[in-house]
Amino acid sequence: MSLNRDQIAMRVAQELQDGYYVNLGIGIPTLVANYVPNDIDVMLQSENGLLGIGPYPTEDQVDADMINAGKETVTAAVGASIFSSAESFAMIRGGHVDLTVLGAFEVDQNGNIASYMIPGKLVKGMGGAMDLVAGAENIIVTMTHADKHGNSKLLNHCNLPLTGVNCVKRIVTDLAVLDIKEGAFHLLERAPGVSVEEIQQKTAGQLILPQNGQVPEISV
Amino acid sequence: MSLNRDQIAMRVAQELQDGYYVNLGIGIPTLVANYVPNDIDVMLQSENGLLGIGPYPTEDQVDADMINAGKETVTAAVGASIFSSAESFAMIRGGHVDLTVLGAFEVDQNGNIASYMIPGKLVKGMGGAMDLVAGAENIIVTMTHADKHGNSKLLNHCNLPLTGVNCVKRIVTDLAVLDIKEGAFHLLERAPGVSVEEIQQKTAGQLILPQNGQVPEISV
Amino acid sequence: MRGFNKVVSSYQEAMAGLSDNMTIIAGGFGLCGIPEGLIKEIENIGAKGLTVVSNNCGIDNFGLGILLKDKQIKKMVSSYVGENAEFERQYLSGELEVELTPQGTLAEKMRAGGAGIPAFYTATGVGTPVAEGKEVKQFNGRDYILEESVTGDFAIVKAWKADKIGNLIYRDTAMNFNPMAATAGKVTVAEVEEIVEVGELDPNHIHTPGIYVNRIIQGSFEKRIEKITLAKN
Amino acid sequence: MRGFNKVVSSYQEAMAGLSDNMTIIAGGFGLCGIPEGLIKEIENIGAKGLTVVSNNCGIDNFGLGILLKDKQIKKMVSSYVGENAEFERQYLSGELEVELTPQGTLAEKMRAGGAGIPAFYTATGVGTPVAEGKEVKQFNGRDYILEESVTGDFAIVKAWKADKIGNLIYRDTAMNFNPMAATAGKVTVAEVEEIVEVGELDPNHIHTPGIYVNRIIQGSFEKRIEKITLAKN
């Protein structure tokens, strides 16, 4: 069975470490916040100028002046700090955020990512994504392994305009967990019940299996 | 009679306008603050991070955390703001300060200024002077017209290492007020009782007199 | 402090001098922290051919979106321009020029503009469409692109509190792009929720020193929210 | 928030990992806002061959001057290095390398270092000895020089208050270079006057967000004043 959106988020949450500053993109990445292990603390950065995103507000707490980068109303966590967009991206560009999780349309075996633009459709803009992928040491991409027509999103070369080059190091899809290094996707884990053959078939880029041939199942 | 230090400061103070943000260098420029006309207000910027320098403190008010760029204890004026050195020089470099007054060793007829270094003697450093002269639209230099050996400090070309190029527009010396434009010093005013001949003799760079030959006396 | 009293009493005074083909730098992120009244005044003035530098372009009937509707904007410099059907129509038809700029680069371009820095290098956008036509230079073995700063004929910002000499304090994430925008205008106009006497703001808490601000106007704000999201019980 | 508790209980812990030939970025302006105890700990450790990036170099027997006395510093990057006889002696004798840097350029180099900007253009220093060997480029008809950013193995800063997760607040002009320095260290250590509980600081008043700070130590400060100047009665 492929993972659902929440299960992908759960698997990503296993990558969190105590004391991490984390930026979560819109969509599946946002769900990661719901699965932070109980024994660790992370602080969530919102690129519009908030370090320490708290829970969504109650109706009484709703405040137009307190939103996240997805323009949703939020609260500030205890210990939060608030700052300008320039300061926020100084943090991001300067590599101070420990982990960035974001979605993508395509990723290729060189760690290139395309996530902001589908020519011919409306271009909504990259927002902070280009800064995030250029600034982070540690980037995890979440997406479905293939599109709804079954076409792989893990490619030799991205076809769409790039958001960043040589930056993605790990991918968590509905089918697998993979690392990107030395110009190839390295299969680390597979979704429960999903065969290595299916992953191979849905990975257009070069896929390298573990030397011992054993691919453990994702545990979520 | 040549002007004394306080009189030079008084003459510079006549250049102030209501609502000006002003940076005053160490020495004679600092004295300008004592002669702000009663009918105007100016705010003094200190490049270590204070906009709105107040009076020197009483003994009770002395606070090691409140100093000016000359490392003297000061107070904050009503309406002051305090900020980082980066913000302070964003103001300065960005041209937001209306007037900068500073001393110099030499100025030349192209508006170049040498003020921070005498080779062979100890180099103490330029501090904020290079940023101030590069950032200001409006720079007044105060200095004695000649050194103690009678050598002019208003030159064809500065001999000492430069602090900035093509930046000085007005000079107030102990002998005269001069503008610099089109590659020459233009004599505007002379100190009471000082002859145009003395000023000519003590100005090594090209000196241009008013077309009508009349040089009014400085009134302080 | 007569010379420092920057408070104006009408929106006409606040935006006096605005004319066709000018560049306006605007604070705000989505609809959060936008100078609502100043934008409406630009609509009233009816200036055309404007270049607007702002992270977003409002929505169809609110914020900067109202200037799109009136076709007052020639060019937008923004990082994200979704949520706006009229924008989409004008962009696809070629009526509107759009310079998509990464959000952090946009913030830094405004800051650099105000700080007298004409250009800076960043890794953001290297190898992407953003890098097209830009100088590339290596530092410590990594490629960076050269980005130039922006300044405007006007900067329009929204703050929480101002004193009469233009010191500004923002509130929560309504700060966003406002502090940088405030530094980058030849004329900077701040629309604020409250104007206080000089001396009431703590010098250590001021976000935008008054030196950057030319005019202040007391606004009244609708503060529309794009996505109200609530805690689950 | 175990993972975020950055408070250490000894100066040894605060500066653990410092070794010969490292680069240290230090906050402070003159003797104002300097991390007195951290500097003394560097003296105790005795690391040699240090490059120190700081606006000033203290005085003979206080602040960074004590590291000069012990000949721990190989190179100073500063804008102003007066008030220090030992400095003069070492500099004139060639024992000490000095990179004089305009004050605003120095502040911006630290900020850029922390912000992932490897270099920026400035008009400061054009046509002066500071421009030697640097790339010159015209923007809008004016010459600017390219200045590269700085980062350090350690950044040492002094703040007024910290919460336990490293959010910092500075007091008055003791802020100076500290906020930029704090962003530019691989390891940033803050020596503070008071450590408060998480949640006690207003999120809108924090000068340095905790993300930049790795270690916090409660200091005790002499706060020596260079020039006591008093109002005339």
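Just so we're on the same page: letters track the sequence lines, and every chain starts at 1.
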task: Can you measure from OG1 (C/T183) to NE2 (B/H96) and round to the nearest 0.5 angstrom?
output: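 These two atoms lie 5.5 Å from each other.
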query: If you measure from CG on C/N204 to CZ on B/F83, what distance do you get to the nearest 0.5 Å?
result: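 One finds 11.0 Å between CG of C/N204 and CZ of B/F83.
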Shortest non-hydrogen contact from [X] to [Y]?
X	Y	result
B/Y20	C/F4	O-CZ, 3.3 Å
B/V78	C/G199	CG1-CA, 3.8 Å
B/A80	C/I206	O-CD1, 3.5 Å
B/G79	C/V198	CA-CG1, 3.5 Å
B/D18	C/G3	OD2-N, 3.0 Å

- prompt: Which members of residues 26-37 of chain B, sorted by number, sit under 4.5 angstrom from chain C on a heavy-atom basis?
  reply: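 From residues 26-37 of chain B, none sit under 4.5 Å of chain C.
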- prompt: What part of C/L201 lies closer than 4.5 angstrom to a heavy atom of chain B: side chain, backbone, both or neither?
  reply: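 Neither part; nothing is under 4.5 Å.
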query: Relative to chain C, which segment of B/A134 carries a heavy atom at a distance below 4.5 Å: side chain, backbone, both, or neither?
result: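 Answer is neither: B/A134 stays 4.5 Å or more from chain C.
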query: Does any heavy atom of chain C fall under 4.5 Å from the side chain of B/E87, the backbone, both, or neither of them?
result: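 Both parts, heavy atoms under 4.5 Å.
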query: When you look at B/M43 and C/I165, which way does the side chain to side chain contact (heavy atoms under 4.5 Å, CB included) test go after all the steps?
result: CA-CA 10 Å; B/M43 285 194 90; C/I165 64 175; 3.9 Å; yes
message: Check this for me: B/K181, atom NZ, are more than 12 non-hydrogen atoms of other residues, nucleotides or ligands nearer than 6.0 Å?
response: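 Atom NZ in B/K181 is not crowded, with 12 or fewer foreign heavy atoms closer than 6.0 Å.
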message: Heavy-atom count check: over 12 atoms from other residues, nucleotides or ligands less than 6.0 Å from C/Q218 CD?
response: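 Buried by this count: over 12 neighbours within 6.0 Å.
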- prompt: For chain B, which residues from residues 115-139 of chain C lie under 4.5 Å away (heavy-atom distances)?
  reply: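 Only C/A115, C/G116, C/I117 of residues 115-139 of chain C have a heavy atom under 4.5 Å from chain B.
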